[in-house]
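Read through the structure below, which is laid out as structure tokens, and then see the notes.
All residue numbers in this chain count up from 1 along the given sequence.
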Amino acid sequence: MRPNAAKAFVRVWKVVEMCFQILVQEKRVTQRELFYKLLCSSPQYFTCQLQVNRTIQDVVALLRCSRYSLGIMASSRGAVTGRLLLQEPNQETVDCSACGSSGHAITGDMNLLERMVMKTDARYIIVVEKHAIFQRLAEDRVFNQIPSILITAKGYPDIATRFLLYRMSRAFPDLPILALVDWNPAGLAILCTFKFGSIGMGLEAYRYACNVKWLGLRGDDLQLIPEESLIPLKPRDLQIAKSLKSSEILEENYRNELEVMVQSGRRAEIEALYFRGYNFLGKYIAKKIVQANYV
């Protein structure tokens, strides 16, 4: 056995051993906390967070279980606001519409998310890529003009935010889930992570996939944006585009939109719509919803 393969083999058992100790103590840890525990106990095998993340993925595949069942909890960045009432066991009900522009922080405790009672009179769920846009929409109380729940992972979605969205999709199956992302490969990749799952999650990849529709920005929205606001694609954008193109699950209309992005060599951010006034974003969303202009 090659030295690298032998080390990878040992890492799996070191993680299994640490998870066993965590479960015996009835504790939960984040992947970051687990890294520091392993760094102290087995420094010859673990030198960076990436090694721990990949080994956890191997353990999940080996045991065919979830991270949560190993005692590893999600580290959530997400927030939710709008017409949603949340109640954790033995806690008071939280009215997400009254949580200010930053919204209600989504817990990383998957067990709590599983047991949470949810109520809503919303008609739509809107997934927002950026926290700044989420804050603007919450500040303008767009969820009152468009009866909706707003949720954000503040960038690439973490598993806790994905799980809450998944739970809402099951609790409120009649509500369309619409995504508002930048018109660039990264924005499309974020949408696809919510819609299809994350390849990097191994066997857990498709566990919390939801039927998300692409509200905007899309190519036909560029007419609303000044030419000066379009930004050249970066090498990182082209790498993401290449990865998306190689995916067999990417729908044809999404693939066509991606091709237009790459051929144009430019990208557009949601903030470019502010050219038409700070209130325009809410009107833009409302018009697209009324016209059912999402794919």
Side-chain angles (χ1 to χ4, degrees), residues 77-84 103 106 120 122-138 142-143 146-170 172-199 206 208-222 224-225 237 240-241 244 247 249-258 260-261 267-273 281-295:
R77 303 182 306 274
V80 63
T81 191
R83 302 168 84 105
L84 179 67
I106 298 170
T120 188
R123 293 177 59 193
Y124 305 93
I125 299 171
I126 303 175
V127 178
V128 184
E129 173 186 348
K130 295 174 168 178
H131 190 226
I133 300 296
F134 174 90
Q135 287 181 304
R136 164 54 53 197
L137 296 174
V142 165
F143 47 77
I146 308 160
S148 56
I149 300 165
L150 307 179
I151 185 168
T152 182
K154 304 178 186 177
Y156 275 93
D158 56 89
I159 196 166
T161 305
R162 284 178 54 206
F163 181 53
L164 179 59
L165 182 65
Y166 174 80
R167 276 223 58 214
M168 287 194 291
S169 75
R170 293 297 180 268
F172 317 123
D174 296 331
L175 302 192
I177 304 174
L178 311 173
L180 182 64
V181 298
D182 287 341
W183 190 72
N184 63 16
L188 179 55
I190 287 168
L191 185 157
C192 288
T193 302
F194 280 112
K195 188 177 181 72
F196 303 117
S198 170
I199 302 297
Y206 311 110
Y208 308 126
C210 301
N211 184 23
V212 180
K213 301 292 185 183
W214 191 355
L215 181 71
L217 294 173
R218 302 203 313 276
D220 57 2
D221 297 319
L222 297 187
L224 303 171
I225 295 170
D237 291 314
I240 295 170
L244 286 169
S247 172
I249 58 175
L250 193 65
E251 297 174 5
E252 191 62 29
N253 50 358
Y254 288 13
R255 195 177 294 277
N256 293 339
E257 191 85 31
L258 181 62
V260 173
M261 287 180 205
R267 58 198 179 101
E269 298 188 350
I270 302 165
E271 288 89 343
L273 292 172
L281 185 57
K283 296 174 184 175
Y284 161 84
I285 294 170
K287 184 177 180 180
K288 297 204 83 164
I289 288 176
V290 167
Q291 295 177 343
N293 186 3
Y294 41 81
V295 293

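Across all their heavy atoms, Lys288 and Arg218 have their closest contact at NZ-NH1, 3.5 Å. Nearest heavy atom pair, residue Ala209 against residue Lys195, reads CB-O, 3.3 Å. In plain terms, the two heavy atoms of Asp158 and Ala153 that are nearest each other are OD2-CB, 4.0 Å. In terms of heavy-atom proximity, Ala189 sits nearest to Ile240 at CB-CG2, 3.9 Å. Residue Pro157 comes nearest to Ile190 through the heavy atom pair CD-CG2, 4.1 Å, listed as atom of the first residue, atom of the second, then distance. The two atoms that bring Leu191 and Ala179 nearest to each other are CD1-CB, 3.8 Å, heavy atoms only.
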**OP:** Check the pair Glu251, Trp214 against side-chain contact (heavy atoms from CB on, under 4.5 Å), reporting the backbone distance first and the verdict last.
**Re:** CA-CA 11 Å; Glu251 297 174 5; Trp214 191 355; over 6 Å; no

**OP:** Apply side-chain contact (heavy atoms from CB on, under 4.5 Å) to Met261 and Trp183, showing your working.
**Re:** CA-CA 8 Å; Met261 287 180 205; Trp183 190 72; 3.6 Å; yes

**OP:** Could you give me the CA-CA distance, side-chain angles and deciding distance for Leu217 and Ile225, then say whether side-chain contact (heavy atoms from CB on, under 4.5 Å) is met?
**Re:** CA-CA 10 Å; Leu217 294 173; Ile225 295 170; 4.2 Å; yes

Original post:
Does the pair Cys192 and Leu250 meet the rule for a side-chain contact (heavy atoms from CB on, under 4.5 Å), with working shown?
Top reply: CA-CA 8 Å; Cys192 288; Leu250 193 65; 3.6 Å; yes

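A distance of 9.5 Å separates OG1 of Thr193 from CG of Leu188, quoted to the nearest 0.5 Å. In this structure, CD1 in Ile126 is found 5.0 Å from CD1 in Ile146, a value given to the nearest 0.5 Å. With rounding to the nearest 0.5 Å, the separation of CD1 in Ile285 from CG in Asn293 is 13.0 Å. Separation of atoms CD1 (Ile289) and OG (Ser148) is listed at 6.5 Å; rounding is to 0.5 Å. One finds the CD1 atom of Ile159 at 13.0 Å from the CG atom of Leu164 (value rounded to the nearest 0.5 Å). For the atom pair CG of Leu137 and CG of Leu150, the computed distance is 6.0 Å after rounding to the nearest 0.5 Å.
In this structure Asn256 satisfies the side chain to side chain contact (heavy atoms under 4.5 Å, CB included) test together with Glu252, sequence neighbours excluded. Partners of Phe143 under the ring-ring contact (aromatic ring centres under 6.0 Å, His included) rule, at least two apart in sequence or in another chain, do not exist in this structure. With sequence neighbours excluded, the residues satisfying ring-ring contact (aromatic ring centres under 6.0 Å, His included) with Phe163 are Tyr208. Remark: Tyr284 engages Asp221 in a side chain to side chain donor-acceptor pair (under 3.5 Å) (not counting sequence neighbours). Every residue two or more places apart in sequence or in another chain was checked for a ring-ring contact (aromatic ring centres under 6.0 Å, His included) with Phe194, and none qualifies.
Sorted by first and then second residue, the salt bridge (charged side-chain N to carboxylate O under 4.0 Å, His left out) pairs involving residues 123-132 (not counting sequence neighbours) are Lys130-Asp182, Lys130-Glu269, Lys130-Glu271.
Of the candidates Leu165, Leu215, Asn211, Leu165 is the only one forming a side-chain contact (heavy atoms from CB on, under 4.5 Å) with Ile177.
The closest donor-acceptor contact from the side chain of Lys154 to the backbone of Arg77 lies under 3.5 Å.
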